[in-house]
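Structure first, commentary second.
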Amino acid sequence: MLDETELNHIIEMLEKGETEHALMHLESLEKEGSDEDRLAIADLYLELGLADRAVKLLAALYVDYAGNPHVALSLAEAYLDSDREEEAIAVLEKIDTTDKEAHMRSLVLLADLYQSQGLDEVAVKKLMEALETNPDEPLLIYGLAELYASIGSFEQAVPLYARLPHLRLPEELDYQADYAEALTMIGSFEEALDEYEKAEDRNLNTIFGHAMTAHRIGRDEIAVKQFESLRSMDPDFTSLYLPYTEALDELGRFDEALEVIGQGIDRDDYNDELRTVKAKLFLKQGRTDEAVTELREALALNPESLQATELLLSVLFEGGDMEAVLETIDALEEHSTSPLMTWYKAKAAYELEDYDTAVTLYRSIEQVYKEDVSFAIEWATLLIEEGQRDQAQRVLEQTLALTVDVDDRQALEERLERLTDHD
């Protein structure tokens with residue numbers, strides 16, 4: 001029989017680099033030893049990464065012992081180490097279900113295998129079957145929760161995670177961050193924040209999730225603290241700079257917000273969103289020229305940015321510079337067009353008293369903005385000035401029929417009433 005002393009001697013030979021001699025010794029023991037020895041040798045082969053040798057031994061034992069569940073599990077694991085997944089599945093699917101422990105282990109292995117093949121529903125089914133045999137097994141509950149979370153079934157994952165605090169899990173398993181993320185995905189932000197606070201694994205993604213959750217629910221003091229921690233750990237984690245700036249802005253800490261957004265731009269110079277947010281900060285401080293510069297930089301990076309386009313055209317329009325509005329639109333239209341640019345062309349044409357052009361432009365986008373109250377009132381005002389009162393009434397009534405907001409409805413009704421009274 002292969003005793004511990006002999007086994008240790010073989011391991012020492014392997015450690016000394018006497019691999020060929022050690023393997024010859026093991027082959028000799030395969031022939032002379034008992035079935036128990038062969039099992040031990042197969043385990044050693046697996047530890048050494050010699051899965052093919054393990055398969056050869058275990059396959060024979062599997063036949064000799066008519067599918068003994070423990071031999072079957074070892075064989076399946078050897079097949080897996082040999083990247084022979086289909087053969088592993090065939091063995092696992094036949095494991096004796098009366099052996100509770102082996103059956104449960106086989107179901108867990110099958111779940112892993114099917115998930116790796118993209119068969120998520122089958123993987124879930126296998127883990128649920130395993131849980132039915134042992135409904136209070138913490139690792140099964142944890143595994144199923146993780147599986148549900150990994151495939152986006154957060155509604156199913158959350159109740160399973162919620163059971164874990166009342167069960168004994170290995171200390172090294174820190175599930176709170178995953179639980180927090182699942183809670184976030186179903187909109188339970190306050191509960192998620194509590195779980196993030198408990199998470200011991202403070203990796204970059206966990207800290208970012210903690211900060212973003214706090215920011216979403218207006219807990220920006222917490223968010224800023226977490227973002228700062230993340231920045232100190234990895235200043236090249238560029239996704240942090242935009243929400244970090246927004247959190248500082250919400251707290252009224254504008255100078256710090258400008259500093260942070262500047263650092264973000266330094267590290268991610270091609271990010272048009274960062275420049276757009278910087279422009280918004282400048283506008284809040286009345287620094288219009290600097291805001292315009294940032295918005296032009298943003299559009300140079302991404303001419304299709306509707307956010308930067310709308311903000312820049314709005315600033316130029318409010319400043320009364322209609323020529324600049326039209327020149328900007330002409331430059332942007334070299335790359336893309338949008339109804340928004342047509343609307344600003346119409347507004348500028350109206351301000352420049354080019355009414356025929358304004359009418360043509362407003363009419364061309366009427367259906368696009370038929371639910372927009374501001375557009376309806378502007379367009380109706382122009383139509384009235386052009387003597388087309390019936391059309392103006394039609395525009396206002398059409399938008400009113402599509403409007404739910406109470407204040408918007410009131411504005412439209414008042415405009416219609418003035419139009420009717422004038423008649």
Side-chain angles (χ1 to χ4, degrees), residues 76-77 80 85 88-89 92-93 103-219 222-223 225-227 229-230 233-234 237-240 242-243:
E77 290 174 359
L80 288 175
E85 292 186 355
I89 289 172
L92 291 168
E93 290 284 12
H103 183 222
M104 185 174 71
R105 174 66 182 151
S106 71
L107 290 168
V108 172
L109 286 172
L110 282 167
D112 288 341
L113 273 167
Y114 285 125
Q115 187 183 11
S116 71
Q117 295 179 343
L119 301 171
D120 297 326
E121 290 185 10
V122 183
V124 166
K125 182 179 178 182
K126 293 299 178 183
L127 274 188
M128 290 184 70
E129 189 179 339
L131 198 57
E132 286 174 9
T133 66
N134 198 342
D136 296 317
E137 171 53 49
L139 289 176
L140 283 178
I141 295 168
Y142 169 76
L144 186 55
E146 291 281 289
L147 176 54
Y148 274 133
S150 72
I151 62 177
S153 297
F154 299 106
E155 292 282 357
Q156 286 76 26
V158 164
L160 292 166
Y161 280 126
R163 293 179 61 186
L164 296 178
H166 311 292
L167 303 171
R168 288 190 177 183
L169 274 175
E171 290 183 5
E172 66 271 15
L173 278 182
D174 180 18
Y175 64 88
Q176 276 83 10
D178 292 338
Y179 184 15
E181 183 181 356
L183 286 165
T184 299
M185 296 305 292
I186 65 170
S188 298
F189 300 117
E190 291 286 355
E191 292 176 64
L193 203 57
D194 289 341
E195 293 304 319
Y196 274 123
E197 295 285 356
K198 298 173 190 175
E200 295 179 8
D201 181 12
R202 305 299 293 171
N203 61 50
L204 297 178
N205 289 327
T206 297
I207 296 170
F208 184 67
H210 191 172
M212 288 299 295
T213 300
H215 180 46
R216 282 191 184 98
I217 57 176
R219 305 281 287 277
I222 295 174
K225 182 179 177 182
Q226 296 301 318
F227 282 130
S229 174
L230 181 55
M233 290 172 66
D234 183 5
F237 194 105
T238 55
S239 297
L240 76 89
L242 183 57

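Sequential numbering from 1 along the given sequence is applied to the chain's residues.
Counting non-hydrogen atoms of other residues, nucleotides and ligands closer than 6.0 Å to CD of Glu155 gives a total of 12 or fewer. Surrounding CE of Met128 are at most 12 heavy atoms belonging to other residues, nucleotides or ligands under 6.0 Å away.
Two residues are said to be in side-chain contact when any heavy atoms from C-beta on lie closer than 4.5 Å; Met185 and Val158 fail this criterion. Residues Asp194 and Phe189 are not in side-chain contact: their nearest non-hydrogen atoms beyond the backbone lie 4.5 Å or more apart. Residues Leu160 and Tyr142 have side chains not in contact (no heavy-atom distance under 4.5 Å, counting atoms from C-beta outward). With a 4.5 Å cut-off on side-chain heavy atoms, Val122 and Leu110 do not count as touching. Looking at heavy atoms from C-beta onward, Leu107 lies out of side-chain contact with Leu127 at the 4.5 angstrom threshold.
With respect to the salt-bridge test (charged N to carboxylate O, under 4.0 angstrom), the residues Glu77 and Arg105 qualify. A salt bridge is defined here as a Lys NZ or Arg NE, NH1 or NH2 lying under 4.0 Å from an Asp or Glu carboxylate O, and Lys198 with Asp174 fails to meet this definition.
Here the straight-line distance linking atom CE of Met212 with atom CG of Leu240 works out to 10.5 Å at 0.5 Å rounding. In this structure, OG on Ser188 lies 10.5 Å from CD1 on Ile217, to the nearest 0.5 angstrom. Atom CG of Leu139 is separated from atom CZ of Arg168 by 13.5 Å, given to the nearest 0.5 angstrom. The structure places OG1 of Thr213 at 6.5 Å from CG of Leu193, a figure rounded to the nearest 0.5 Å. If you take CG on Asp120 and CD1 on Ile151, they are separated by 5.0 Å, rounding to the nearest 0.5 Å. To the nearest 0.5 Å, atoms CG (Leu113) and CD1 (Ile89) are separated by 5.0 Å.
When all heavy atoms of Pro138 and Leu164 are compared, the closest pair comes out as O-CD2, 3.9 Å. Taking both residues in full, the closest heavy atoms of Ala199 and Ala177 are given as CB-N, 4.0 Å, listed atom of the first, atom of the second, then distance. Of all heavy-atom pairs spanning Ala111 and Ala123, the tightest one is O-CB, 3.3 Å. Here the closest non-hydrogen pair linking Ala88 and Ala76 is CB-O, 3.7 Å. For Glu195 against Leu183, the heavy-atom pair with the smallest separation is CG-CD1, 3.8 Å. Of all heavy-atom pairs spanning Ala162 and Pro165, the tightest one is O-CD, 3.2 Å.
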Query - Phe208 vs Asp234, side-chain contact (heavy atoms from CB on, under 4.5 Å): CA-CA, chis, key distance, verdict - result: CA-CA 11 Å; Phe208 184 67; Asp234 183 5; over 6 Å; no
Query raised in the report: Going through the checks in order, is the side chain to side chain donor-acceptor pair (under 3.5 Å) test met by Gln115 and Ser150?
Result: CA-CA 10 Å; Gln115 187 183 11; Ser150 72; 3.0 Å; yes
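Ring geometry for His215 versus Phe227: interplanar angle over 60°, hence perpendicular rather than tilted (30 to 60°).
For Gln176 and Tyr161, the side-chain atoms include no donor-acceptor pair closer than 3.5 Å. Inspection of the Arg219 and Gln226 side chains reveals no N or O donor paired with an N or O acceptor under 3.5 Å.
The only option from Arg202, Lys225, Glu181 that meets the side chain to side chain donor-acceptor pair (under 3.5 Å) definition with His210 turns out to be Arg202.
Checked against a 6.0 Å centroid threshold, the rings of Tyr148 and Phe154 do not count as neighbours.
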